[in-house]
Amino acid sequence: MGRGDLTDEQWAVLEPLLPRGTKAGRPPVWPRRQLIDGIRFRVRTGVPWRDIPVEYGPWNRVYDLFRRWQRNGTWQRILTRLQSSADAKGAITRDLSVDSTVCRAHQHASGRGSDPPRVSFVAD
């Protein structure tokens with residue numbers, strides 16, 4: 001397990017939220033947990049998809065899962081469910097902070113030269 005990979009406790013929370021496969025037939029070659037760890041590695045480090053370490057599976061399988069779930073709204077549903085679960089447990093606090101700071105800039109900071117721009121109108 002890599003440094004940023006899902007722990008068993010995190011996986012136990014996440015796994016029930018994942019969509020169930022509806023296809024009958026051969027089981028997938030690459031476990032979802034491994035592919036999701038690959039997605040998390042890519043998002044955390046910012047490497048190109050092709051540079052994902054092979055321990056997470058083939059880069060195109062990792063990308064395919066990410067993109068498919070992005071298109072069908074799975075990631076948004078997972079986020080919504082995790083947030084509502086955390087909110088129900090009281091783990092999310094909502095603090096309101098109003099900042100009335102005023103930052104004034106000197107007139108020379110506008111970037112405008114000393115002469116106004118010249119505009120000429122040509123009548124047809």
Side-chain angles (χ1 to χ4, degrees):
M1 179 184 339
R3 184 176 60 141
D5 292 348
L6 291 168
T7 64
D8 291 336
E9 295 81 26
Q10 291 170 331
W11 181 247
V13 172
L14 181 61
E15 188 176 23
L17 304 177
L18 301 178
R20 299 281 173 227
T22 57
K23 282 186 175 179
R26 285 189 306 176
V29 176
W30 302 98
R32 279 188 177 173
R33 181 174 180 171
Q34 189 175 5
L35 296 174
I36 290 173
D37 280 338
I39 292 168
R40 295 181 71 238
F41 175 84
R42 196 273 180 190
V43 170
R44 186 175 65 253
T45 62
V47 300
W49 286 104
R50 291 178 185 259
D51 293 341
I52 294 174
V54 294
E55 65 197 43
Y56 297 119
W59 73 268
N60 53 351
R61 295 292 309 190
V62 176
Y63 174 76
D64 179 55
L65 179 68
F66 170 77
R67 192 70 178 123
R68 197 167 7 107
W69 284 4
Q70 184 183 37
R71 286 183 179 146
N72 68 17
T74 299
W75 293 120
Q76 184 61 42
R77 283 190 298 276
I78 291 171
L79 176 65
T80 302
R81 290 178 186 164
L82 287 172
Q83 285 176 334
S84 63
S85 174
D87 193 26
K89 294 176 185 174
I92 297 178
T93 58
R94 292 176 174 84
D95 295 330
L96 180 63
S97 176
V98 178
D99 185 4
S100 62
T101 304
V102 175
C103 180
R104 296 178 187 254
H106 192 272
Q107 61 187 4
H108 295 133
S110 70
R112 186 178 151 253
S114 60
D115 294 332
R118 297 175 190 252
V119 179
S120 61
F121 295 99
V122 178
D124 288 334

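Start at 1 with the first residue, then count along the sequence.
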If you look only at distance, which donor and acceptor atoms sit under 3.5 Å apart when one is on a side chain in residues 24-32 and the other is two or more places apart or in another chain?
unit_1: R32; atom_1: NH1; unit_2: P19; atom_2: O; d: 2.3
unit_1: R32; atom_1: NH2; unit_2: P19; atom_2: O; d: 3.0

ring-ring contact (aromatic ring centres under 6.0 Å, His included) partners for W11, two or more places apart: none
Set of ring-ring contact (aromatic ring centres under 6.0 Å, His included) partners for W59, sequence neighbours left out: none
From CG (L65) to CZ (R67), nearest 0.5 Å: 12.5 Å
Verdict with supporting geometry, I39 and I52, side-chain contact (heavy atoms from CB on, under 4.5 Å): CA-CA 9 Å; I39 292 168; I52 294 174; over 6 Å; no
Side-chain (R40) to main-chain (G4) donor-acceptor, under 3.5 angstrom: yes
Main-chain N/O of G73 paired to Q76 side chain as donor or acceptor, under 3.5 Å: no
V13 side chain near L82 side chain, heavy-atom distance below 4.5 Å: yes
Validation row: D51, T45 side chains within 4.5 angstrom (heavy atoms): no
Sole residue of Y56, F66, W49 in ring-ring contact (aromatic ring centres under 6.0 Å, His included) with F41: Y56
Salt-bridge criterion met for D8 and R33 (N-O under 4.0 Å): yes
Residue pairs passing the salt bridge (Lys or Arg N to Asp or Glu O under 4.0 Å) test where at least one lies in residues 81-94, sequence neighbours excluded: D87-R94
Whichever hydrophobic residues join I92 through chains of side-chain contacts under 4.5 Å: none
side-chain hydrogen bond (donor to acceptor under 3.5 Å, both in side chains) partners for T74, two or more places apart: N72, R77
